[in-house]
Amino acid sequence: MEAFGLLLHGFAVLLTWKTLLLMMVGLVLGIFVGVLPGLGGPNGVAILLPLTFTMDPTSAIVMLSCIYWGALFGGAITSILFNIPGEAWSVATTFDGYPMAQQGRAAEALTAAFTSSFVGSLVAVLLITFLAPMISSFALRFGPPEFFAVYLLTFCSFVGLGREAKHKTVISMSLGLLLAGVGMDTVSGQLRMTFGSAELLRGINFLVAVIGLFGISEILLTMEERLALRGHAAGISLRAVLSVWKDLPKYWVTLLRSSVIGCWLGITPGGAIAASFMGYNLAKRFAKDQESFGKGRIEGVFAPETAAHASGTSALLPMLALGIPGSGTAAILLGGLMVWGLNPGPLLFVEHKDFVWGLIASMYLGNVVGLVLVLTTVPIFASILRVPFAAVAPMIVVSCAIGAYAIQNAMFDIWLMLGFGVVGYVFKKIGIPLAPFTLALVLGNRAEDAFRLSMIGSGGDMKVFWSNGLVGTITTLAIVLLFWPIIDSAVAAVAQLRLRRFRRPSS
Amino acid sequence: MSNTELEIVVDDPTAPEDNSPAIVSTGVVDVVVSLLLLALAVVLGWDNWRTGASWDSTGPQPGYFPFYLSVILGGASLYGLGAAFVSRQEAAETFVTRAQLRRVMAVFVPTLLFCLATQYLGLYVASFLLIAGFMRLVGKIALWKSLLTAFVFTAAMFITFDVAFDVIMPKGPLEAALGR
């Protein structure tokens, strides 16, 4: 009940004309970046971050989080109408969404996508409302070893549970952690990895890296491919909306299952991409008529969209409660908090109640307003894709440069952005994942500080990470997750062996 | 109103041809990237060793944590190098075709020139030149449309960042003459 009272207080903080206007601006910008090929949630938020520098933290985070919700909604438009996933997590939506559009049911598919996005986000926001304060009050008992163990758990689960080749995830993560350490050592004040360069004294700002890795590289990749778009124009009538909403209770199992999958994969660093595919595959597996999937079945839109949005939203839970982002975009939002001098983590709930509950309230309101906005403005946003890419590409480049420069007012950062753009292009093409890199770049200094403080406290004894039940459990879990593929294969091999032994006597 | 019969068609006149020859395979790029990462790991490892990668009276030295990360990066890169040599699939996969590379360069080179121009002309003049030039030369869009789009977008950025939100961008001589 305490959470409910605090949430009401959050709404009171939020309900001012200025904040509501910023919310609308954020949502429109978000849908815009979600629809445009070559832009997406993470870099949209990173590029537009400088706009919020002069705002108070609550207004700023409301606008940034609304850009995030908008981008989540916008991705479905291109997936359904153009068969082009605006975001990677929208790929599974194309399987049934595009066939529905081809059958003249684009309005139905879009309504299903937006509604399920809303449902997924709502479930995740409810989870954040009630779980985040509990986790953060529990985490107040954490010391440096516990925090380092949680960071280790995050890193290890990326390696163990990720779909990419393990060594490539390790490369991405260790490179990110190393680059986070460039510049002045915060403890001793000594310079490291600067090689005499005055520009590197400031260190490498992760927002600059993100803009290059995601924004510039995506422009290079999009230009490389054929850009002849062929799709369906669509408007959404009230009748189509009501017809989908009337049938919604029939799909409650699909919606609930996908929400649970999404929340789980959002809190652990599985991510929205894995969630959307898992949501889709499970909906197909449990369907009586599996053959109809991929041919324009509405459940094929409900399942991935619900899971992706539940995942994208719940990724903010560990960020708020522990200061550990569950996704690339959450990592950028975390960077935003640090820019305004806020320290994400358990203390945030104690020291900045207005801010935290204002943000959580904005998640509810932003999703409701976002749903209404997308349902009424689809034709406008779909028509953005009529603009030739030769006009869009240089505008994105300029936006990226403005974003990169504004963070530290440094010309060097524009060059750094270009360098990271090339790195991102090559890494994406050879399968080195970028999300662990971003996460490591954000968490690098905090992880190192936690490690050093733990080691100083224990006099260099690694046993500190098993010194009590809590830290021992988290560290052990981290190691189990790191070696999860080996453990999983071993368990499967043993099960296979037992099955053979069991069958032999009867044959 | 719903009108799903209409089709939106945006053709790309500069689309790469499908039968363009491959420039380089993914396997070769993977080997080169692994070698570069290995070199980076060695350089960073050396620098951290030099800074101090052991213990002193105050605890771990500044280079301690990054030194071991360099070792991990080096190890993973070495493994990647071996895996890239062994992988037949990567060796057969095309990293980029000639037509694709031409298109990538068509956006990379103007971006490079834009960064250079920003340093000497200021961000807004460089932005105007990039947008107008790119639309006209790469997109083959009418000159008046290119100039108008570039002007409107640059002006909108100037008003948004410099005027409304007070985020001051780098100014060249021309922009400085405009009084901001």
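All chains are named by letter (A, B, ...) in the order of the sequence lines, taking the proteins before the strands, and each is independently numbered beginning at 1. Side chains are part of it too, since the values below use all heavy atoms of this structure and drop only hydrogens, waters and symmetry mates.
- Neither the backbone nor the side chain of A:Lys166 comes within less than 4.5 Å of any heavy atom in chain B.
- Here the closest heavy-atom approach between residue B:Phe134 and residue A:Ala393 is recorded as CE2-CB, 4.1 Å.
- The CZ atom of B:Phe158 lies 11.5 Å from the CD1 atom of A:Ile402; values are rounded to the nearest 0.5 Å.
- Heavy atoms of A:Ala406 lying under 4.5 Å from chain B belong to its backbone as well as its side chain.
- Note: A:Val398 leads A:Val398, A:Val423, A:Asp185 in heavy-atom pairs under 4.5 Å with chain B.
- Classification of the A:Phe451-B:Phe65 ring pair by plane angle, with boundaries at 30° and 60°, yields tilted.
- Proximity to chain A (any heavy atom under 4.5 Å) is shown, for B:Ser34, by neither the backbone nor the side chain.
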Quiz prompt | Derivation of the side-chain contact (heavy atoms from CB on, under 4.5 Å) call for A:Ser174 and B:Tyr68 | solution = CA-CA 10 Å; A:Ser174 50; B:Tyr68 287 100; over 6 Å; no
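- The CZ atom of A:Arg452 sits 11.0 Å away from atom OH of B:Tyr64, with the distance rounded to the nearest 0.5 Å.
- Contacts of B:Met157 with chain A are made by side-chain atoms alone, with heavy-atom separations under 4.5 Å and no backbone atom involved.
- With a 4.5 angstrom heavy-atom cutoff, B:Leu73 touches chain A via backbone and side-chain atoms both.
- For A:Met55, the part lying near chain B is the side chain, with the backbone staying farther off; criterion is any non-hydrogen pair under 4.5 Å.
- The two residues B:Pro60 and A:Ile456 make their nearest non-hydrogen contact at CD-CG1, 3.8 Å.
- Ranked by heavy-atom pairs shorter than 4.5 Å toward chain A, the options B:Thr154, B:Thr149, B:Leu116 are led by B:Leu116.
- If you measure heavy-atom distances from B:Ala41 to chain A, you find no contacts under 4.5 Å at all.
- Rounding to the nearest 0.5 Å places CG of A:Leu175 at 8.5 Å from OG of B:Ser77.
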Quiz prompt | side-chain contact (heavy atoms from CB on, under 4.5 Å) assessment of B:Tyr79 paired with A:Ile171 | solution = CA-CA 10 Å; B:Tyr79 182 90; A:Ile171 285 174; over 6 Å; no
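- Interface residue A:Val422: only side-chain heavy atoms are found under 4.5 Å from chain B.
- The contact between A:Glu448 and chain B is made by backbone and side chain atoms together, counting heavy-atom distances below 4.5 Å.
- Chain A forms the most heavy-atom pairs under 4.5 Å with one residue out of B:Gly59, B:Cys115, B:Pro110, and that residue is B:Cys115.
- A:Lys429 places a side-chain N or O within donor-acceptor distance of the main-chain N or O of B:Phe95, the cut-off being under 3.5 Å.
- When the candidates B:Asn48, B:Ile141, B:Ile72, B:Leu101 are compared by the number of heavy-atom contacts under 4.5 Å with chain A, B:Asn48 comes out ahead.
- Once rounded to the nearest 0.5 Å, the distance linking CG of A:Leu178 with CG of B:Leu69 reads 5.0 Å.
- At most 12 heavy atoms of other shown residues, nucleotides or ligands fall within 6.0 angstrom of atom CZ in B:Phe151.
- Of all heavy-atom pairs between A:Gln190 and B:Pro62, the closest is OE1-CG, 3.3 Å.
- A donor-acceptor pair under 3.5 Å is formed between the side chain of B:Asp47 and the backbone N or O of A:Met193.
- At a 4.5 Å heavy-atom cutoff, A:Leu453 makes no contact with chain B through either its backbone or its side chain.
- Judged by distance alone, the side chain of A:Arg192 and the main-chain N or O of B:Gly63 form no donor-acceptor pair under 3.5 Å.
- Interface summary for chain B: among A:Leu177, A:Val170, A:Asn409, A:Val182, the most heavy-atom pairs under 4.5 angstrom belong to A:Leu177.
- A 6.0 Å sphere centred on CZ of A:Phe412 holds more than 12 heavy atoms belonging to other residues, nucleotides or ligands.
- For chain A, the nearby parts of B:Val104 are the backbone and the side chain; heavy atoms of each come within less than 4.5 Å.
- For A:Met411, the part lying under 4.5 angstrom from a heavy atom of chain B is the side chain only.
- In plain terms, the two heavy atoms of A:Gly459 and B:Trp55 that are nearest each other are C-CH2, 4.0 Å.
- B:Gly139 and A:Ala390 get closest at one heavy-atom pair: CA-CB, 3.4 Å.
- When each of A:Leu418, A:Leu221, A:Ile414, A:Thr194 is checked for heavy-atom pairs under 4.5 Å with chain B, A:Leu418 comes out on top.
- Within the model, atoms OG1 of B:Thr51 and CG of A:Leu191 stand 8.5 Å from one another, a figure rounded to the nearest 0.5 Å.
- Both the backbone and the side chain of B:Phe108 come within contact range of chain A, judged by heavy atoms closer than 4.5 Å.
- Atom CD of A:Glu224 sits about 9.0 Å away from atom CZ of B:Arg103, to the nearest 0.5 Å.
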